[in-house]
Enquirer: 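Just dropping this structure here.
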Amino acid sequence: MKRVVLSILLLFAFLTGYAQNRNASICRLGFTYDISQSNNWGKYKPVVTGVIPYSSAELAGVKQGDILEAIDGVQSTEVSPQEIAELLNPAGKNEVILTISNLAVPTKQVMVKKDCKKVNSITEDQLASAFSMYSLETTSERNFTCPFKTVVTPDSVNFGKFKTFAFATIDENNRKLETAINECIEKEMTKKGLAVDIVQPDILIQTFYFFDKNPNFKGVNKVMIDKEPTYRYNFTVSKMDTFPFLGNSAAEAEAEYLLQFGFRMIDQAFVPGRILWECEANELLEDSYKLEEYARIHVPLMLMQYPYVKYGRNVLYKVNQRTYNYTGISYDIDRLELITDVDRNSPAYASGLRPRDVIEKINNNKMNYSAEEFTAGYKNFISKTMKYRDPKTQFTDANGFKRCMYWDTFNYPKVADALQSSGNVGAFSYLYYYAPYVNPAGNNACTFDIKRGKNKMEIIVRPTIRREITVEIK
């Protein structure tokens, strides 16, 4: 339980730490980056590792894997990492011009505006994460590891020079399987900006695979029978899925089946025959599994490490999923019933809500509580409603809390009743008002009772449901 509440406490503590200067702002461009040490991709330059949904960076077209060649005309290799951070948040300027390169283009310039908010404000995307236990079905941070071994050439060759690819000759005995695998790889490679060229390709892609019963299988380890399922992200359905794989700590003798799958990229342009990049997966399975299905799910994950490789073995991924009601309101962290800002062109602004309005109730839940009281109410709600969750859906979140579970569908009405209980301080459950376990009526219109000066009024806001998913290599 401590880990569940920790995220909201840390969020509040971080924000209140800036409260001394309430007029100051925190600005971001909307992406994260590493200073690359790779000989093959952007060495000593910033490489984008993640892009925040709905941010200025995403709107400008910045993508994972982009190399920042220059910032406002300053070459990124000519300044220190600290100076790069300062260039990305220039004082007195609302935007920066980034010169970027990737597999699709040698260089291009994009303008990215700074997203700024007051230091004493907390936004709805932050609150959605802080109160994720209201709706783990839609909002969670989770980690998973894949047993990939990735090897790159020791030569200092720029992968950006390779623009086209083709596949090695298909084995006629496995035409259907290999065609399905190649289609998965082609889809991801073309997303990265490469093109198929069967006449004179820069890269030849060669696949290899194996699946069979394990001749050394000694039976299921009884200790593992009640283990947590193996979860990984499935891009085809945009959610975490369960798979019949054993964890990294399992012994090979515990696996009824063995699977190997991989592919390599072979240089055809500069040093023919040189292996540029290779990724291989070796899996222990407790049940049968189709190789084409494995490729469909795992090729996108494997190719997240091309052209920029962070892990040689056991790649660690982080998935951040948020689906929540966006109204456009930001709240005062020291006085949560006070609106500090309302985004222009947002549902809240269109409904008439404005900065400095005081919210007395949201959907009949009172708002006049401190951050500490909201935290205590949240903790109380989690404890009292654990019995309404479905144990078959249990998973461990990125904070290490092992008792994350979806709501039992038969208990949806009880969950909704608990959120209306005054002791549970459930006003921010409006972020999930579209969900049947929060609002069984199904009407997503939210009622805000506000005070503006001496006047009181009721304002109906019809939120936009925002769906945000990021998958990053940690």
Enquirer: Are any of the side-chain heavy atoms of Thr236 and Arg296 separated by less than 4.5 Å?
Expert: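 The answer is yes; the side chains approach within 4.5 Å.
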Enquirer: Would you say Thr139's side chain and Leu136's backbone share a donor-acceptor pair under 3.5 angstrom?
Expert: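 A pair under 3.5 Å: no.
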Enquirer: Run the side chain to side chain contact (heavy atoms under 4.5 Å, CB included) test against Ala168 and tell me which residues pass, sequence neighbours left out.
Expert: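 Testing Ala168 for side chain to side chain contact (heavy atoms under 4.5 Å, CB included), a comparison that skips the adjacent residues, returns Leu204, Gln206.
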Enquirer: Show me the pairs that pass ring-ring contact (aromatic ring centres under 6.0 Å, His included) and involve residues 147-171, at least two apart or across chains.
Expert: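 Qualifying pairs, neighbours excluded: Phe159-Tyr306, Phe162-Phe270, Phe165-Phe167.
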Enquirer: With a 4.0 Å cut-off on N to O distance, would you call Asp34 and Lys310 a salt bridge?
Expert: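 Salt bridge flag = yes for Lys310 with Asp34.
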Enquirer: If you count the non-hydrogen atoms of other residues, nucleotides and ligands that lie under 6.0 Å from OH in Tyr54, is the total more than 12?
Expert: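 Check passes, neighbour count above 12.
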Enquirer: Does the pair Arg462 and Ser351 meet the rule for a side-chain hydrogen bond (donor to acceptor under 3.5 Å, both in side chains), with working shown?
Expert: CA-CA 8 Å; Arg462 289 174 172 79; Ser351 298; over 6 Å; no
Enquirer: Heavy atoms, side chains only, cut-off 4.5 Å: are Val79 and Leu87 in contact?
Expert: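 In short, these two side chains touch, coming nearer than 4.5 Å.
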Enquirer: Quick one: does Glu141's side chain get under 4.5 Å of Asp397's, heavy atoms only?
Expert: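 No - every pair of side-chain heavy atoms lies 4.5 Å or more apart.
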Enquirer: Report the C-alpha distance between Glu280 and Asn282 in whole Å, list the side-chain angles of each, state the deciding distance to 0.1 Å, and finish with yes or no for side-chain hydrogen bond (donor to acceptor under 3.5 Å, both in side chains).
Expert: CA-CA 7 Å; Glu280 174 185 324; Asn282 287 280; 2.6 Å; yes
Enquirer: Tell me if the NZ atom of Lys93 is crowded by more than 12 foreign heavy atoms within 6.0 Å.
Expert: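 For Lys93, atom NZ is crowded (more than 12 foreign heavy atoms under 6.0 Å).
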Enquirer: If we count only N and O atoms by modelled type, under 3.5 Å, do the side chains of Ser132 and Ser129 hold a donor and an acceptor together?
Expert: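 Ser132 vs Ser129: no donor-acceptor pair found between side chains.
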Enquirer: Which residues satisfy the ring-ring contact (aromatic ring centres under 6.0 Å, His included) test with Tyr233, sequence neighbours excluded?
Expert: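 So Tyr233 forms a ring-ring contact (aromatic ring centres under 6.0 Å, His included) with Phe235.
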Enquirer: So do the side chains of Thr145 and Val315 get within less than 4.5 Å of each other, counting heavy atoms only?
Expert: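 Not in contact.
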Enquirer: For the residue pair Tyr33 and Val47, establish whether any side-chain heavy-atom pair is separated by less than 4.5 Å.
Expert: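 Not in contact.
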Enquirer: Which pair of non-hydrogen atoms, one from Leu284 and one from Ala250, has the smallest distance, and what is that distance?
Expert: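 Residues Leu284 and Ala250, closest heavy atoms: CD1-O, 3.8 Å.
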Enquirer: Is it true that the side chains of Tyr326 and Asp343 contain a donor and an acceptor less than 3.5 Å apart?
Expert: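 There is such a pair (donor and acceptor under 3.5 Å, judged by atom type) between the side chains of Tyr326 and Asp343.
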Enquirer: Parallel, tilted or perpendicular: which describes the rings of Tyr369 and Phe374, with under 30° parallel and over 60° perpendicular?
Expert: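 Tyr369 vs Phe374 ring planes: perpendicular.
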Enquirer: Go through the steps for Thr32 and Ile52 under the test side chain to side chain contact (heavy atoms under 4.5 Å, CB included), then give the verdict.
Expert: CA-CA 8 Å; Thr32 56; Ile52 298 171; 6.0 Å; no
Enquirer: Glu283 and Arg232: salt bridge (charged side-chain N to carboxylate O under 4.0 Å, His left out), yes or no, with the steps?
Expert: CA-CA 13 Å; Glu283 302 275 10; Arg232 290 178 189 172; 2.7 Å; yes
Enquirer: Would a 4.5 Å heavy-atom cut-off, applied to side chains only, mark Asp267 and Ile275 as touching?
Expert: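 Sidechains of Ile275 and Asp267: no contact.
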Enquirer: Can you check whether Tyr311 reaches Ile473 side chain to side chain, under 4.5 Å on heavy atoms?
Expert: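 Tyr311 vs Ile473: side chains touch.
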Enquirer: Between Asp241 and Lys239, does at least one N-O distance fall below 4.0 Å, as a salt bridge requires?
Expert: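 Salt bridge between Asp241 and Lys239, a charged N being under 4.0 Å from a carboxylate O: yes.
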Enquirer: Can you tell which of Tyr433, Tyr378, Tyr430, Tyr406 makes a ring pair (Phe, Tyr, Trp, His ring centres under 6.0 Å) with Tyr134?
Expert: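 Among Tyr433, Tyr378, Tyr430, Tyr406, the one meeting ring pair (Phe, Tyr, Trp, His ring centres under 6.0 Å) with Tyr134 is Tyr378.
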Enquirer: Among residues at least two apart in sequence or on other chains, which ones pass salt bridge (charged side-chain N to carboxylate O under 4.0 Å, His left out) with Glu186?
Expert: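 Testing Glu186 for salt bridge (charged side-chain N to carboxylate O under 4.0 Å, His left out), a comparison that skips the adjacent residues, returns none.
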Enquirer: CZ/Arg28 to SG/Cys116 distance, rounded to the nearest 0.5 angstrom?
Expert: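 The CZ atom of Arg28 sits 10.0 Å away from the SG atom of Cys116.
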Enquirer: Looking only at side-chain N and O atoms, does Gln64 offer a donor or acceptor that is under 3.5 Å from a partner on Thr49?
Expert: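 Their side chains do not contain a donor-acceptor pair, so the 3.5 Å distance test is not met.
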Enquirer: Applying side-chain hydrogen bond (donor to acceptor under 3.5 Å, both in side chains), run through Asn89 and Lys114 and close with a yes or a no.
Expert: CA-CA 8 Å; Asn89 188 16; Lys114 289 161 53 172; 3.2 Å; yes
Enquirer: Going by the rule salt bridge (charged side-chain N to carboxylate O under 4.0 Å, His left out), which residues pair with Asp341 if we only count those two or more places apart in sequence or in a different chain?
Expert: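 For Asp341 there are no salt bridge (charged side-chain N to carboxylate O under 4.0 Å, His left out) partners, ignoring immediate neighbours.
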Enquirer: Determine the minimum heavy-atom distance between Gly160 and Leu103, stating which atoms define it.
Expert: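 Looking at all heavy atoms of both residues, the shortest contact is CA-CD2, 4.1 Å.
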Enquirer: Kindly compute the distance separating CG (Asn39) from CG (Asp155), expressed to the nearest 0.5 Å.
Expert: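 Output value for this atom pair is 9.5 Å.
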Enquirer: Would you verify whether the NZ or CZ of Arg354 falls within 45 degrees of the ring axis of Tyr349 while also being under 6.0 Å from that six-membered ring's centre?
Expert: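 Yes, Arg354 and Tyr349 form such a contact.
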Enquirer: Just by modelled atom types, is the Ser38 backbone N or O under 3.5 Å from a matching donor or acceptor in the Ser36 side chain?
Expert: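 Looks like yes, one N/O pair under 3.5 Å.
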Enquirer: May I ask you to check whether over 12 heavy atoms, not counting those of Asp171, lie within 6.0 Å of atom CG?
Expert: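 Counting other residues, nucleotides and ligands, CG of Asp171 exceeds 12 neighbours.
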Enquirer: Starting at CG of Asp357, measure out to OG1 of Thr340 and round the result to the nearest 0.5 Å.
Expert: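 Rounded to the nearest 0.5 Å, the CG-OG1 separation comes out at 11.5 Å.
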Enquirer: Can you check whether Phe144 and Tyr317 have ring centres sitting under 6.0 Å from each other?
Expert: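 When the ring centroids of Phe144 and Tyr317 are compared, they turn out to be within the sub-6.0 Å range.
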Enquirer: May I ask you to test the Arg466-Thr323 pair for a side-chain heavy-atom distance under 4.5 Å?
Expert: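 The answer is no, as the side chains (C-beta and beyond) never meet within the 4.5 Å cut-off.
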Enquirer: Crowded around Lys149 NZ? As in, over 12 foreign heavy atoms under 6.0 Å?
Expert: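 No, not enclosed.
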Enquirer: Just by modelled atom types, is the Cys27 backbone N or O under 3.5 Å from a matching donor or acceptor in the Asp115 side chain?
Expert: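 Checked: no pair found.
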Enquirer: Assess the residue pair Lys474 and Asn143 against the criterion (side chain to side chain contact (heavy atoms under 4.5 Å, CB included)); give the C-alpha distance rounded to whole Å, side-chain angles, the decisive distance to 0.1 Å, and a yes or no.
Expert: CA-CA 9 Å; Lys474 289 193 70 176; Asn143 298 333; 3.6 Å; yes
Enquirer: Can you sort out the partners of Arg264 under salt bridge (charged side-chain N to carboxylate O under 4.0 Å, His left out), two or more places apart, ordered by chain and number?
Expert: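 Expected list: Glu278.
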Enquirer: Is a side-chain donor-acceptor pair under 3.5 Å present for Glu58 with Ser55?
Expert: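 The answer is no; no qualifying pair exists.
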Enquirer: Using a strict cut-off of less than 4.0 Å between a Lys/Arg side-chain nitrogen and an Asp/Glu carboxylate oxygen, indicate whether Glu468 and Arg322 qualify as a salt bridge.
Expert: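 Salt bridge present between Glu468 and Arg322.
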Enquirer: Are side-chain N/O atoms of Ser80 and Glu83 paired as donor and acceptor at under 3.5 Å?
Expert: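 Yes, Glu83 and Ser80 have a side-chain donor paired with an acceptor closer than 3.5 Å.
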Enquirer: Indicate whether any N or O donor in one side chain lies under 3.5 Å from an N or O acceptor in the other, for Glu69 and Thr99.
Expert: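 No, because no side-chain N or O of Glu69 sits under 3.5 Å from a partner of the opposite role on Thr99.
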Enquirer: Checking Asn444 against Asn325 for the side-chain hydrogen bond (donor to acceptor under 3.5 Å, both in side chains) test, could you report, in this order, the C-alpha distance in whole Å, the side-chain angles of both residues, the deciding distance, and whether it holds?
Expert: CA-CA 9 Å; Asn444 196 28; Asn325 270 338; 2.9 Å; yes
Enquirer: Looking at Ile97, is its backbone amide N or carbonyl O close enough to the side chain of Asp72 to form a donor-acceptor pair, meaning the two atoms are under 3.5 Å apart?
Expert: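 Between the backbone of Ile97 and the side chain of Asp72 there is a qualifying donor-acceptor contact (under 3.5 Å).
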Enquirer: Does CZ belonging to Arg403 count more than 12 external heavy atoms closer than 6.0 Å?
Expert: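 Check fails, neighbour count at 12 or below.
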Enquirer: Taking ring pair (Phe, Tyr, Trp, His ring centres under 6.0 Å) as the criterion, tell me which of Tyr257, Phe245, Phe243, Tyr209 meets it with Tyr294.
Expert: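 With Tyr294 as partner, ring pair (Phe, Tyr, Trp, His ring centres under 6.0 Å) holds for just one option, Phe245.
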Enquirer: Does a side-chain N-to-carboxylate-O contact under 4.0 Å join Lys163 and Asp202?
Expert: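 Salt bridge: no.
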Enquirer: Measure from the side-chain N and O atoms of Trp277 to the backbone N and O of Ile266, and report whether any donor-acceptor pair falls under 3.5 Å.
Expert: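 Such a contact is absent between Trp277 side chain and Ile266 backbone.
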